[in-house]
Amino acid sequence: MDYLPLFADVKDRPVLVVGGGDVAARKIAFLRRAGARVLVVTKHLEPSLQQLVDEQEIHLLADTFDEAQLDNVFLVIAATDDGDVNRRVFDAANARHRLVNVVDDQPLCSFIFPSIVDRSPLLVAISSGGNAPVLARLLREKIEALLPANLGRMAEVAGRWRTRIKAFRKTTDERRRFWESAFRGRFASLMAAGKEQAAEQVLADELAKPGSSTGEIILIGAGPGDAGLLTLRGLQVIQQADVVFYDHLVTDGVLELVRRDAELISVGKRAGSHLVAQHDTNRMLVEAAQAGKTVVRLKGGDPFIFGRGGEELQAAAAAGIPFQVVPGVTAASGATAYAGIPLTHRDYAQSATFVTGHYKADSAPFDWSQLAQSRQTLAIYMGTMKAAEIGEQLIAHGREAQTPVAVISRGTRADQQVRTGTLQQLEELAKDAPMPALLVVGEVVQLHHELAWFQHTTGPEAFDASVVNLA
């Protein structure tokens, strides 16, 4: 270990910065966030620093460096483009046992600035010891994505409760288990939702009656396939789950991101078959939450768009189980974007309609005349089995038989396949299409050949390229 990692308290302490350019301005902004009293030595101040001097937010000490300026300061930073001045600052600081940083000159540094993930009062510092600062920055970006913005506020609330928790939990092990449960459970969820008072009530209830707290159900949209389309909030939540109930549409790439010790339970549904009946899924979700667990219901796409998410949360509400929803990228937007098919376009479609081809037998029939209108895009979920009826009805109600259509199979995945043709060919295009598949009807489909950007497989050789286009 080349450097001893420390967090220095510089609040209201004098810190000398030699230099007044852009680099000095960045360091000064960092110091001011930590509450330092900044003293500047420079002949020329860049405009933002001059404004801070004018507003008496920082103090211009002198225009040239003198060793005596180091006598009463806590830290020293040299940020000039003059190597001789930087060396003088370093030597003088070392002689006075002052920590010094010469920007972008590691040999002339007795301390370095790490990359910071700031969730004050929670801070994460990453350093490569000056060897690979870009790598440290990239790592910081990854950590930024994992840490919710509310962590700082949650740490502040926890700090207020520390003394009280110690009074009720006498041993270190008891307190550790208490806080692990709180930071992974309902307390954390309520803090994320901005319900601080309710979150503190959860802490109070757990102190009064240990183990009595009910868990919660978190409904998450996993996106259409590509794990990179899982939302940041979705990623954060699945890493806090005790148990995850997932559908078959959730890809292995997304499941790999789930907390390692979480229980994974498949309750997948496929066209024509149900691994677990819906009422059984509802029951298992409720029972797991009633046992005090953080329950994630992970569904492909967006759970509120043809995903029965509303039905599952109705069951949770009826049982008095708290819940929240994390939206996902739905197939209509994700799969079409990866296929290079914009849902709307000023020249072709002024609206987009999402329709399901799988509906209850006793539900109201489609308004085919409305769906058959031109200059709109139809995105039809679960429609391959009824592709013949869909094509016939749209044509019968006025949509041109030559309207461009696409069948996007396994959209956004490595084996994505896009079949394009015309509305009168829809049945043939959909036949034996790999699942899951999305049907797209509208003039925007013709842009696929111009805008397709994502690597995808070719279609089956059984198709005649003169009849349909495969991409």
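Owing to the predicted nature of the structure, the values given are computational and were not obtained by experimental measurement. Nothing fancy with the numbering, it's 1 onward along the sequence.
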Under a 3.5 Å distance rule, please check whether E144 uses its side chain to pair with a backbone N or O of R140 as donor and acceptor.
no
Evaluate the side-chain proximity of F323 to I218: yes if any heavy-atom separation is below 4.5 Å, no if none is.
no
For D261, I'd like to know if atom CG has over 12 heavy atoms of other residues, nucleotides or ligands within 6.0 Å.
yes
Is the F306 to F304 ring centre distance short of 6.0 Å?
no
Using modelled atom types and a 3.5 Å cut-off, is there a donor and acceptor pairing between side-chain atoms of Y381 and backbone atoms of A332?
yes
For G215 and I321, which heavy atoms make the closest approach, and how far apart are they?
O-CG2, 4.3 Å
Side chains of E57 and Q51: donor-acceptor distance under 3.5 Å anywhere?
no
Where do T420 and A406 come nearest, in terms of heavy atoms and distance?
CG2-CB, 4.0 Å
Just wondering, more than 12 heavy atoms not from R283 lying within 6.0 Å of its CZ?
yes
Can you tell if the side chain of V100 reaches within under 4.5 Å of the side chain of C109, non-hydrogen atoms only?
no
How about CG on N131, more than 12 heavy atoms from neighbouring residues, nucleotides or ligands closer than 6.0 Å, or not?
yes
Please check this pair: side chain of Q69 against backbone of T64, looking for a donor-acceptor N/O pair closer than 3.5 Å.
yes
Given side chains that start at C-beta, do those of V407 and L438 come closer than 4.5 Å, heavy atoms only?
no
Answer yes when R184 and E180 have at least one side-chain N-carboxylate O distance shorter than 4.0 Å, and no when they do not.
no
Is E196 paired with R160 through a side-chain N to carboxylate O contact shorter than 4.0 Å?
yes
Distance, nearest 0.5 Å, that separates CG of L39 from CD1 of I77:
11.5 Å
Can the positive tip of R297 be found less than 6.0 Å from the middle of the six-membered ring of F245, inside 45° of the ring normal?
no
Looking at R410 and D415, is any side-chain nitrogen of the basic one under 4.0 Å from a carboxylate oxygen of the acidic one?
yes
R96 and D71: salt bridge (charged side-chain N to carboxylate O under 4.0 Å, His left out), yes or no, with the steps?
CA-CA 8 Å; R96 288 166 171 76; D71 289 341; 3.0 Å; yes
Pairwise side-chain contact, V295 with D242, heavy-atom cut-off 4.5 Å (strictly under)
no
Evaluate the side-chain proximity of I341 to I408: yes if any heavy-atom separation is below 4.5 Å, no if none is.
yes
Looking only at side chains, do S120 and D118 share a donor and an acceptor under 3.5 Å apart?
yes
Q324 and S189 side chains, donor-acceptor separation under 3.5 Å:
yes
Shortest non-hydrogen contact from G300 to V250?
N-CG2, 3.9 Å
Sidechain N-carboxylate O distance under 4.0 Å for R259, E263
no
Inspect the surroundings of CG in N72 and state if more than 12 heavy atoms from other residues, nucleotides or ligands are less than 6.0 Å away.
no
Is the shortest heavy-atom distance from the side chain of Q290 to the side chain of V286 under 4.5 Å?
yes
What are the two closest heavy atoms between V89 and A78, and how far apart are they?
CG1-CB, 3.9 Å
Under 3.5 Å, is there a donor-acceptor pair between the side chain of S409 and the main chain of A433?
no
Does CD belonging to E55 count more than 12 external heavy atoms closer than 6.0 Å?
yes
Are L264 and Y246 close enough that some pair of their side-chain heavy atoms sits under 4.5 Å apart?
yes
P342 and L447: which non-hydrogen atoms are nearest, and at how many Å?
CG-CD1, 3.6 Å
V17 versus L31: any side-chain heavy-atom pair under 4.5 Å?
yes
Hey, can you tell me if F111 and F113 have their rings parallel, tilted or perpendicular (30° and 60° cut-offs)?
perpendicular
Lys/Arg N to Asp/Glu carboxylate O, D247 vs K299, below 4.0 Å
yes
Under-4.0 Å salt bridge between E156 and R153
yes
Going by side-chain contact (heavy atoms from CB on, under 4.5 Å), F90 matches just one of D105, N101, L108. Which one?
L108
Strictly below 4.0 Å, N to O, side chains only: are D91 and R87 in salt-bridge contact?
yes
